[in-house]
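These notes concern the structure reproduced below.
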Amino acid sequence: MSKTAYTTHHGMTDLLPGEIEQWQALEAIIHETARLFHFQEIRTPVLEQTELIARGVGQLTDIVSKEMFTFDRGEDHYVLRPEGTAPVARAYVQHHLAQRGGTQRLYYIGPFFRAERPQKGRQRQFHQFGAELVGARGSIADVEIIAFMTRIYRQIGITNTTLKLNSVGEPESREAYRKALRDYFKPLAGQLSEVSRNRLDTNPMRILDSKEEQDQPLKAGAPVITDFLSAASRKHFESVRDLLDKLRIPYDVDPFLVRGLDYYTETAFELTSPDLGSQDALGGGGRYDLLIEEVGGPPTPAVGFACGIERLMIACEALGLKLADPSGPDIYFVTRGEEAARWALEKMPDLRNSGLVCTMDYSGRSLKAQMKDANRQQARFAVIIGEQELNDNMFTLRDMEKSEESLISGSEITERVLSS
RNA sequence: GAGCCCAUAGCUCAGUCGGUUAGAGCGCCAGGUUGUGGCCCUGGAGGCCGUGGGUUCAAUUCCCAUUGGGCUCCCCA
């Protein structure tokens, strides 16, 4: 163990065979769901300009103020992207996607980076998938996004989730609400936890998601943002709830749901699971009507979500959900002698052209060792080739599960395996 | 940034009240079957007992530090 000179950095892990199958199966579900919603994949670089993230996500957010991996080369300031929405917004502006007309329906899967202390469900390199509807104003867009997200979990079989829903309104309402919160909490400052007290001036809305024991009773009497929403915001929020009801997507309105990024407006939501332990958010999202403009584009309403893949895996694990089993080859060639091995090597391209998965021993090991390997790899059939077989052009085809053997000619292999 | 826990074979873990060559199960390799997997039997490889220092005649064991890992708070995915 100590002989291993190099290891991954703290909070970054390798995905090995045995584990990767689950990821691939999940990715297949994501791509298929996106196809059904007619969203198209977008891939943006892992490195972005630090300024983009700082502006887009917000200078005062935890992400920007203390969790970014950054480095400089000459004049350029690089950051490992900590989230997906700001880069998508940047791409939308940079490539003038607005000029393509209509609404851009985009989704992505990929790694993101935050320099936090790792723990269960939190890695420094983690993975998210997400979707964005850019250029869509109506509440139907919000609901499509939520439907997209929840459908994926339903497809997987994760059903014991809670969808929390709130509206954070427009900036003006939020400012009025912030003031009301300050007015409410100021006299109680002495009873607040230290973290919350510090937020009183900087970001009082964050006091609302405090988990500190002592803050809970104080939160209970706090003003609710719903009372500060403009008529338009209120109508939008009502419409979202109404449409969710129509789609029979259950949700809980949580007036204290405040998401950590600055760019959210109007609808905000979060999907939580009881199987995740302390980090219980599977994913979340909301509307961000001002972000595109903030990063230099035309005023463009948008809504999106992002979900953590590692957390999804934890939930699958807890629920015993296996999305995929590793599959073995159709044929494993067991060879004796160099000539036999060469015959097998030359035969395999034909079989593969027919769609058969085949492999063989590469080291000229004993027959027993090769059979053992075929078994370990869960091969459906072993084809045994020795001198005799080559001379007669008749080979032993062994059904590994039934332990039955038959003699067949070389040209029969494909058909026999395909038909069983 | 703060707190708690852990560190012995590839994996999961015993163990030494401080005392010669450090163990098991699984896995791996080989033999039993000179051409046949899974079950069984036999054998083998594989550990500076995370690292550094201290106490001691003697440390994998006790003490300190350090590194790595896990969990929690904060916050998020």
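Below, chain A is the first sequence line, B the second, and so on; all start at residue 1.
Taking only side-chain atoms of A/Arg336, from C-beta outward, the nucleotide of B/G69, B/G35, B/A77 with the closest atom is B/G35. Checked against B/C76, B/U36, B/C29, the side chain of A/Arg114 finds its nearest nucleotide in B/C76. For A/Ala369, counting side-chain heavy atoms from C-beta on, the closest listed nucleotide (B/A30, B/G70, B/C29) is B/A30. Comparing B/A77, B/C73, B/G38 against the side chain of A/Asn375 picks out B/G38 as the nearest. Minimum atom distance to the side chain of A/Ser366 is reached by B/G31, of the listed B/G37, B/G31, B/C71. For A/Arg311, the side-chain atoms get nearest to B/C76 when compared with the rest of B/C76, B/U36, B/C28. The nucleotide whose nearest atom lies closest to any side-chain atom of A/Lys120 is, among B/C71, B/U36, B/C76, B/C71. Taking every side-chain heavy atom of A/Met400 into account, B/G37 is the closest of B/C76, B/G37, B/G70.
Within 4.0 Å of A/His127, counting heavy atoms only, lies no atom of the nucleic acid at all. Using a 4.0 Å heavy-atom distance criterion, A/Glu116 is classed as a base contact. At the heavy-atom level, A/Lys368 lies under 4.0 Å from base atoms of the strands shown. A/Ser403 comes within contact range of at least one nucleobase, with a heavy-atom separation under 4.0 Å. Note on A/Gln125: nothing from the nucleic acid sits closer than 4.0 angstrom, heavy atoms only. At a threshold of 4.0 angstrom between heavy atoms, the contacts of A/Glu83 with the nucleic acid are absent. Here A/Leu312 lies out of heavy-atom contact (under 4.0 Å) with every strand. Among the heavy atoms of the strands lying under 4.0 Å from A/Gly121 is at least one base atom, whether or not backbone atoms are also near.
Ring pair A/Phe305/A/Phe129 is perpendicular by interplanar angle, where above 60° counts as perpendicular and below 30° as parallel.
Salt-bridge annotation for A/Arg342 and A/Glu338: present, with a side-chain N of the basic residue lying under 4.0 Å from a carboxylate O of the acidic one.
If you take CZ of A/Arg117 and P of B/U72, they are 12 Å apart, rounded to a whole angstrom. Rounded to a whole Å, the CD1 atom of A/Ile385 is 14 Å from the C1' atom of B/U36. One atom, CD1 of A/Ile309, and another, P of B/C76, lie 21 Å apart when rounded to the nearest Å.
Residue A/Arg365 places at least one side-chain N or O closer than 4.0 Å to OP1 or OP2 of B/A30. At the phosphate of B/A77, neither OP1 nor OP2 sits under 4.0 Å from any side-chain N or O atom of A/Gln128. Contact annotation: A/His10 side-chain N/O to B/G69 OP1/OP2 distance is under 4.0 Å.
Residue-to-nucleotide contacts include a donor-acceptor pair under 3.5 Å from the side chain of A/Glu405 to the base of B/U36. Below the 3.5 angstrom threshold, one finds no donor paired with an acceptor across the side chain of A/Arg376 and the base of B/G37.
Under a cut-off of 6.0 angstrom, the local environment of CD in A/Glu387 is sparse, with at most 12 non-hydrogen atoms contributed by other residues, nucleotides or ligands.
A/Asp361 contributes atom CG, which lies 9.5 Å from atom CG of A/Leu367 (distance to the nearest 0.5 angstrom).
Just one residue in the list A/Thr150, A/Asp245, A/Thr162 forms a side-chain hydrogen bond (donor to acceptor under 3.5 Å, both in side chains) with A/Tyr251, and that residue is A/Asp245.
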Under 3.5 Å for both distances, Watson-Crick or G-U wobble, that's the pair rule; now give the dot-bracket for RNA chain B, with | marking pairs to another strand and [ ] for crossing ones. (((((((..((((.....[...)))).(((((.......))))).....(((((..]....))))))))))))....
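In this structure, the side chains of A/Phe333 and A/Lys347 come closer than 4.5 Å at one or more pairs of heavy atoms.
When ring centroids are compared, A/Phe148 and A/Phe39 come within the 6.0 Å threshold.
A donor-acceptor pair is defined here as one N or O able to donate and one able to accept, closer than 3.5 Å; such a pair exists between the side chain of A/Glu389 and the backbone of A/Gly386.
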